[in-house]
Amino acid sequence: MDEQRRILNMVSEGKITVEEAEKLLAALASSEPTKSPSPSSTGTEQKKIIPNYLCVTVEPKEGGESGDRVNVRIPLKIIKAGLKLSAFMPDAVKEKTQAAMNEKGLNFDLNDLNKENIDEFLASMADFRVDVDSANERVLVYCCE
């Protein structure tokens, strides 16, 4: 917090520009662990932690038919790796991939994907959670660190 205040003081004293302050604050935010917003926060949005994994667990319920336990952790870095690989895709392949995704209801343009979009998407995944509670098993899909 002291670092943020110093940066803001430098802006008010004219030592740095607003743009320079934004860069410094962004660098500071990425170097600090993310904290939950406190009740005393000034309403500014806290930076979300980008989860590392998409997790899927399936557990049989007690008394239910015996079933398999499943615990899968899929690294979300594969999304970023896929983004880098997509830069090498020929246009014809991108068009076919785009058409196939649109058929499945995934209506976003592959050409619009970039590092910032992916980071924003992954940060929003921190709140992603699907919990299915059936008679025999519980299925949980969520993102974790």
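From a predicted model like this one, the values you see are computed outputs, not experimental measurements.
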Step-by-step side-chain contact (heavy atoms from CB on, under 4.5 Å) determination, Asp68 to Val58: CA-CA 8 Å; Asp68 295 329; Val58 179; over 6 Å; no
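- With a 6.0 Å radius and a threshold of 12 heavy atoms from other residues, nucleotides or ligands, Glu145 has its CD atom at or below the threshold.
- Using a 4.5 Å heavy-atom threshold, the side chains of Val139 and Ser134 count as separate.
- Hydrophobic cluster membership is shared by Val70 and Val132, with clusters built from Ile, Leu, Val, Met, Phe, Trp and Tyr side chains linked at under 4.5 angstrom.
- Listed by chain and residue number, Thr17 satisfy the side-chain hydrogen bond (donor to acceptor under 3.5 Å, both in side chains) test with Glu20 (two or more places apart in sequence, or in another chain).
- Between Leu54 and Phe128, the shortest heavy-atom distance links the atoms CD1-CE2, 4.1 Å.
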Step-by-step side-chain contact (heavy atoms from CB on, under 4.5 Å) determination, Asp131 to Tyr142: CA-CA 8 Å; Asp131 193 350; Tyr142 61 99; over 6 Å; no
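- Atoms CD1 and NZ, from Ile50 and Lys77 in turn, are 10.5 Å apart once rounded to the nearest 0.5 Å.
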Verdict with reasoning, Lys61 to Asp133, per side-chain contact (heavy atoms from CB on, under 4.5 Å): CA-CA 9 Å; Lys61 283 192 159 181; Asp133 200 1; 2.6 Å; yes
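- Here the closest non-hydrogen pair linking Val72 and Ile74 is CG1-CG1, 3.8 Å.
- Hydrophobic cluster membership differs between Tyr53 and Leu140, with clusters built from Ile, Leu, Val, Met, Phe, Trp and Tyr side chains linked at under 4.5 angstrom.
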Stepwise side-chain contact (heavy atoms from CB on, under 4.5 Å) check, Thr57 with Arg69: CA-CA 7 Å; Thr57 59; Arg69 290 186 182 274; over 6 Å; no
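- Atom NZ of Lys94 sits in a crowded spot, with more than 12 heavy atoms from other residues, nucleotides or ligands closer than 6.0 Å.
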